[in-house]
Participant: 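Got a structure here, written out as structure tokens. Questions coming.
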Number of protein chains: 2
Amino acid sequence: MTGSCFAERLARYVPLTDSEKRALERLENNPRDLPRGATITRENDNCDEMYVLRHGWAMSYLILDDGSRQILRLHFPGDMFGTSSAAFGEATESLVTMSHATLCPFDKQALRVVFDEHPRLAALFFIIAQAERVSLTDRLASLGRTSAKARVAALLTDMLVRLRFLNKDISDTIPLKLTQEEIGDATGLTAVHVNRMMRALAEDGLVMRNNGNLVIRDEQGLARIANYVNRYAELDLGWLPAPR
Amino acid sequence: MTGSCFAERLARYVPLTDSEKRALERLENNPRDLPRGATITRENDNCDEMYVLRHGWAMSYLILDDGSRQILRLHFPGDMFGTSSAAFGEATESLVTMSHATLCPFDKQALRVVFDEHPRLAALFFIIAQAERVSLTDRLASLGRTSAKARVAALLTDMLVRLRFLNKDISDTIPLKLTQEEIGDATGLTAVHVNRMMRALAEDGLVMRNNGNLVIRDEQGLARIANYVNRYAELDLGWLPAPR
DNA sequence: CGGCTAATTGACATGTATCAATTAGGGTGG
DNA sequence: CCACCCTAATTGATACATGTCAATTAGCCG
């Protein structure tokens, strides 16, 4: 146990030195407990913080002028998020918890130490940023070029893949903490239409509802109609600097 | 003159040290000239390179199973692109020139030196990655939650803002190197519908065509209907490490 | 003067949104 | 344990935005 959720995540890619672990722990020395639905940051508010999520789920979203919402990304335990604070003084997105959550905020000034003293960690931060960028481009293609059914399938597949990455015990069943309205806001659809697509996916034998859970009955099939590419599998870390 | 297009870009945010300039120049010591329409990388090909664009335009895109294309981003002079190579061994997107172009490829191993010896440059790389991530989230909201007309307006506004950032002489007229098919592939629309939306924008007095150029007649109005947020204006660099 | 690609236009098809009920489910207080 | 309430899910009818198909025109290059 490193005492840092984020360190554990990174340690899955490369074994960390003690010094690196300590540097990451400093990012998490200020944990805060939040109830479900708590607002962490609102778009355009001044914000110099970034966050590591230790327990629970969160999400980031934008609200447009007409009041509609675009959910940008779901955040799971071990994720670092709110990272646009590194570039901007005002929040570029709103952040809210989707469940009871433990959150570790840290000031972006803390990044200076990481970049100054731990080049390998800095490189990992950059690599993660690139991986998230790719995840966003995949979603862009999903929204721009695939059908409603495919978009919903892509969201569900991505949730399964990411949650399983965090917990190897997960095989085909995940908690579905999203309302259909939220699924719609993530996929650019209406709640009503999401409902129809979920039913269609169920009728196709691809998924099944069970209490608040979702059972993926045909992962391959779901991924296929979603046009889903699993890119989490392997990062290429060949260029990393030496650890310090 | 630094001899590095990318260094000039970064120097607009912070004055660079000689040592930093030299490090950036090394990324560009292998320029290559390409004709219009040249493929730089194809999705899924092995690729350990990243690129700095010195002259001309390029773009990145994905092709889906059904053959449809999603254009992810346009790249202009001074842009670094193909950066997902930092995280993956295979290209996550295809790259192609949109005009005669001068390109400077560098192996991702070169990043190691930057992160090891130039923490401030590394931090700038991270900041730029975050800014591009935000740009993608804005586009996600555009595709997910706005009308066809708004999406086209957003693309045109973004092009104007970015090109003007590169060249202060640009006031309201930009070359439109995109076919309507390409505009459609960028905005998730059909070429036919793009044509109608362009006409609508023209009828609204927002834009005008002139040879191969586009004249933005009402930038405010175009940005308003596009739901456009200009985030290029100011980065917050307060946390940057000391230069080396 | 072809010959090619891109732009334009019209008629029509379809996917998704909208509107309006109704039903189901999950807490809470009595 | 039941009655109630509130939110989410579900369903049907209809409207509308965008896609599709097909044809024509414009523009450019050799």
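To find a chain, count down the sequence lines: A is the first, B the second, and so on, and within it residues start at 1.
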Participant: Can you list the residues that meet the side-chain contact (heavy atoms from CB on, under 4.5 Å) rule with R133(A), with sequence neighbours excluded?
Facilitator: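 Testing R133(A) for side-chain contact (heavy atoms from CB on, under 4.5 Å), a comparison that skips the adjacent residues, returns Q130(A), T137(A), T83(B), S84(B), E93(B), E132(B), L136(B).
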Participant: Does atom CZ of R36(A) have more than 12 heavy-atom neighbours, drawn from other residues, nucleotides or ligands, at distances under 6.0 Å?
Facilitator: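 No, the 6.0 Å shell around CZ holds no more than 12 heavy atoms from other groups.
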Participant: Does R54(B) count as lying over the ring of F6(B), i.e. NZ or CZ under 6.0 Å from the six-ring centre, within 45 degrees of the axis?
Facilitator: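 Judged by the rule (NZ or CZ under 6.0 Å from the ring centre, within 45° of its axis), R54(B) is not positioned above F6(B).
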Participant: For S135(A) and R73(A), which I'm curious about, is there any donor-acceptor pair between the side chains at under 3.5 Å?
Facilitator: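 Yes, a side-chain donor-acceptor pair sits under 3.5 Å.
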Participant: Just by distance, with hydrogens left out, do S4(A) and E28(A) show a side-chain donor and acceptor under 3.5 Å apart?
Facilitator: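 Side-chain D/A pair, S4(A) to E28(A): present.
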Participant: Salt bridge (charged side-chain N to carboxylate O under 4.0 Å, His left out) between D172(B) and R217(B): does it pass, once the steps are laid out?
Facilitator: CA-CA 7 Å; D172(B) 64 353; R217(B) 299 177 61 192; over 6 Å; no
Participant: Enumerate the protein-to-nucleotides 18-20 of chain D contacts in which both atoms are nitrogen or oxygen and the separation is below 3.5 Å.
Facilitator:
{"from": "dT18(D)", "atom 1": "OP1", "to": "A148(B)", "atom 2": "N", "distance (Å)": "2.9"}
{"from": "dG19(D)", "atom 1": "OP2", "to": "T190(B)", "atom 2": "N", "distance (Å)": "3.3"}
{"from": "dT20(D)", "atom 1": "O4", "to": "R196(B)", "atom 2": "NH2", "distance (Å)": "2.9"}

Participant: Between T41(A) and Y51(A), is there a side-chain donor-acceptor contact under 3.5 Å, judged purely by atom types and distance?
Facilitator: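 Short answer, yes.
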Participant: Rounded off to whole Å, could you give me the CG-to-P distance for the L178(A) and dT7(D) pair?
Facilitator: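 The distance from CG of L178(A) to P of dT7(D) comes to 19 Å, rounded to the nearest Å.
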Participant: Under 3.5 Å, is there a donor-acceptor pair between the T146(A) and N227(A) side chains?
Facilitator: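 Note: T146(A) and N227(A) side chains miss the donor-acceptor criterion.
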Participant: Specify the angle, to 10°, made by the local axes at the two ends of the helix from dC1(C)-dG30(D) to dG30(C)-dC1(D) when five pairs are taken at each end.
Facilitator: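 Angle reported: 40°, given to the nearest ten degrees.
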Participant: Cation over ring, R12(B) on F165(B), under 6.0 Å and within 45°?
Facilitator: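 R12(B) over F165(B) ring: yes.
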Participant: Kindly state which residues belonging to residues 62-76 of chain A come within less than 4.0 angstrom of DNA chain C, counting heavy atoms of the residue only, listed by number.
Facilitator: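 None - not one residue of the stretch has a heavy atom sitting under 4.0 Å from the strand.
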Participant: Any carboxylate oxygen within less than 4.0 angstrom of a Lys/Arg side-chain nitrogen, looking at R145(B) and D185(A)?
Facilitator: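 Here R145(B) pairs with D185(A) in a salt bridge, since their nearest N and O are under 4.0 Å apart.
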Participant: Identify the 5'-most and 3'-most nucleotides of DNA chain C with at least one atom closer than 4.0 Å to a non-hydrogen atom of chain A.
Facilitator: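 Boundary nucleotides touching chain A, in 5' to 3' order, are dT16(C) to dC19(C).
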Participant: Once side-chain contact (heavy atoms from CB on, under 4.5 Å) is applied, do any residues pair with E203(A), and if so which ones, sequence neighbours excluded?
Facilitator: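 Applying side-chain contact (heavy atoms from CB on, under 4.5 Å) to E203(A) gives R199(A).
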Participant: Taking atom types as modelled, is there a side-chain donor on N213(A) or T173(A) under 3.5 Å from an acceptor on the other?
Facilitator: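 Their side chains do not contain a donor-acceptor pair, so the 3.5 Å distance test is not met.
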